[in-house]
Amino acid sequence: MSKVKIVIGDRLGKGQNIAKGIEAAGGTAIVIPGVGADMKVGDVMVSESADLGLSFCGSGGAGALTAKTKYGFPVEYGLRSVDAGITALRSGKKVIGFGFMDTEELGRRMVEEYIKLGGK
Amino acid sequence: MQMIDDILKELTETKSDYLSEISETKQILQKIEEEFRLMEIHIPRDRWLAIGAHVLAFVRRMTNGERLPVIEAELFAEIHPDMVTLSHKVLSEEKSAWQADDTEAFLLAVHFEAIRAMQMGPL
């Protein structure tokens with residue numbers, strides 16, 4: 001069974017803690033490096049055939065909307081909590097945008113929920 | 001101008017809780033449109049959408065008195081200083097009570113830098 005693959009794009013090039021949580025839960029994390037990484041989430045999801053994308057800036061909207069516009073991914077953004085992210089995942093969103101939130105818990109729980117939903 | 005109205009309509013269709021921030025957001029987007037027109041840099045629709053979402057969230061943060069964490073100074077080296085200056089300019093003067101700090105200016109400047117670099121090449 002393949003691992004759930006999640007792309008992380010943060011406006012400031014961060015996301016390393018989320019990646020740790022993803023890996024700890026058995027997933028594969030791809031952190032896009034550099035400033036403005038959030039705007040590349042959709043591109044990297046497609047090139048890496050990823051399952052999910054997480055976008056982070058003030059609202060996470062730029063990355064999510066860019067991915068939606070370019071590739072038609074279902075998106076949710078403006079989220080502020082792990083639980084809100086889980087709800088978005090359950091409703092079938094593929095790119096989820098948050099305010100800045102680089103925590104291991106977010107990565108871990110997104111993977112756990114994705115597996116629980118039968119995605120992998 | 002029509003582009004700004006279209007973008008705001010699209011954004012508020014999916015985020016109806018942002019309706020109260022529309023007026024201030026529109027003023028800032030109009031300033032951005034004017035500045036880029038003077039620089040003769042075209043903003044594609046997908047970039048407008050991303051900027052619109054960002055400015056809506058900015059207005060909400062200012063309204064709620066919310067401050068984002070301070071960002072590392074070295075990150076400023078990754079974008080053209082003119083874009084940071086421009087960002088400060090369009091975010092200021094809206095409401096004197098608003099404190100658009102360096103973090104806010106930087107986050108919007110990254111949008112500007114993406115457009116600038118796309119049409120004029122990287123730094």
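Keep in mind the model is a prediction, meaning the values are calculated, not measured. Reckoned from all heavy atoms, side chains included, excluding hydrogens, waters and symmetry mates. Here is the naming used below: chain letters follow the sequence lines, and residue numbers restart at 1 for every chain.
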Determine, for [X] against [Y], whether the closest basic-nitrogen to carboxylate-oxygen distance falls under 4.0 angstrom.
| X | Y | answer |
| --- | --- | --- |
| B:Glu13 | B:Lys9 | yes |
| B:Glu104 | B:Arg61 | yes |
| A:Glu113 | A:Lys116 | yes |
| B:Arg116 | B:Glu113 | yes |
| B:Arg45 | B:Asp6 | no |
| A:Lys70 | A:Asp43 | yes |

Contact class of B:Leu49 relative to chain A, heavy atoms under 4.5 angstrom: both
Contacting moiety of A:Lys14, where chain B heavy atoms sit under 4.5 Å: side chain
Neighbourhood of chain B inside residues 23-39 of chain A, taking heavy atoms under 4.5 Å as contact: A:Gly34, A:Val35, A:Gly36, A:Met39
Neighbours of chain B found in residues 88-99 of chain A - heavy atoms under 4.5 Å: none
Any donor-acceptor N or O pair under 3.5 Å, side chains A:Thr103, A:Arg108: no
Side-chain donor-acceptor contact under 3.5 Å, B:His42 with B:Arg47: no
CG-CZ distance between B:Leu86 and B:Phe36, expressed to the nearest 0.5 angstrom: 5.5 Å
A:Ser55 side, atom OG; A:Glu76 side, atom CD - distance, nearest 0.5 Å: 12.0 Å
